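One structure below.
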Amino acid sequence: MQDRDALLVIDVQNDFCAGGALAVPEGDSVVPVLNRCIERFKAANLPIFATRDWHPEKTIHFTTGGGEWPPHCIQETRGAEFHPDLKLSEDVVIISCGSRSDEQGYSGFEGRDHQGVNLSNLLGDRGVDRLFVGGLATDYCVKFTVLDALKQGFKVVLIADAIRGVDLKPGDSERAIEAMILAGAERKTGLPDFSS
Ligand code: VGL
């Protein structure tokens, strides 16, 4: 970890965890790993961002609106809340994605904070140039967010133990990881520290 690093936690929400509307296999297992990452970034006074899927009831993202997914992460519902054990503090910047009915919202870079500022501007304002990324799901929001980050010139470190995928087709997550690495992401096992 260095001065211009930030932690980006992707969609660790009830609906993507055990018992949720779109539960990712072993989704909950990212929580303790991410909590330790959060502690480290806080201790180092480095910024932390957390994306959330934040859909309206009717959207092209859901099967009910012609899309691919069962309804999940509907604004202001329990399914859209962050996992109760995830230790996000007040100063974590929350980025809401897919909040319009005509967008899918897979990438955190399409999301905005509560004032409508997009993720790239927020990162730019804080002088961030490298993102440590973990969360759900490897083969969707993590992948699209990481690929967008790399396209926009950010460096990316994937926290291998802090991501889990949907794997609608077996191997989707592995292929997503390969695509992210091919695009320039670095994959790290273990927790981020100042030697990395
Ligand atoms: C996601 C499937 C559908 C994700 C969102 O957060 O990765 N996956 N919508």
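Ligands are counted one by one from 1 in listed order, and the atoms in each one are counted from 1 as well. Side-chain atoms are counted along with the backbone in the values below, which use heavy atoms only and exclude waters and symmetry mates. Source: prediction; values computed, not measured.
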Q) Quick check: does Y106 get an N/O under 3.5 Å from an N/O on ligand 1? A) no
- Query: Side-chain donor-acceptor pair under 3.5 Å between S29 and R164, yes or no?
  - Reply: yes
Here the atoms of ligand 1 under 4.0 Å from any heavy atom belonging to D53 are 5 (C), 9 (N)
(request) Could you tell me whether D139 and R175 have a side-chain N and a carboxylate O separated by less than 4.0 Å? (result) no
One finds that the ligand 1 atoms under 4.0 Å from a non-hydrogen atom of C141 are 1 (C), 4 (C), 5 (C), 6 (O), 7 (O)
Per-atom filter on ligand 1: closer than 4.0 angstrom to a heavy atom of L136 are 6 (O), 7 (O)
heavy-atom search around atom 9 (N) of ligand 1 in the protein gives H61 NE2, 3.1 Å
The atoms of ligand 1 lying under 4.0 Å from a heavy atom of A137, numbered in the order shown, are 4 (C), 6 (O), 7 (O)
Under 4.0 Å from one or more heavy atoms of D11, ligand 1 contributes atoms 4 (C), 6 (O)
Report yes if W69 has an N/O atom closer than 3.5 Å to an N/O atom of ligand 1; otherwise report no.
no
Would H72 count as a contact residue for ligand 1, given that I'm defining contact as a non-hydrogen atom of the residue lying under 4.0 Å from a ligand atom? yes
Partner of Q104 under side-chain hydrogen bond (donor to acceptor under 3.5 Å, both in side chains), picked from E68, E110, H61, is H61
Only residue of T145, V9, T51, V117 satisfying side chain to side chain contact (heavy atoms under 4.5 Å, CB included) with I95 is T51
Counting from 1 in the order shown, the ligand 1 atoms closer than 4.0 Å to a non-hydrogen atom of L22 are 2 (C), 3 (C)
Taking atom CD of E57 as the centre, does the number of heavy atoms from other residues, nucleotides or ligands within less than 6.0 Å exceed 12?
no
If you scan protein heavy atoms around atom 8 (N) of ligand 1, the nearest is Y140 CB, 3.6 Å
Quiz item: Looking at F144 versus F109, is the centre-to-centre ring distance below 6.0 Å?
Solution: no
Only one of N14, D28, D11 passes side-chain hydrogen bond (donor to acceptor under 3.5 Å, both in side chains) with H83, and that residue is D28
Correct closest heavy-atom pair for L88 and A50 would be CD1-CB, 4.0 Å
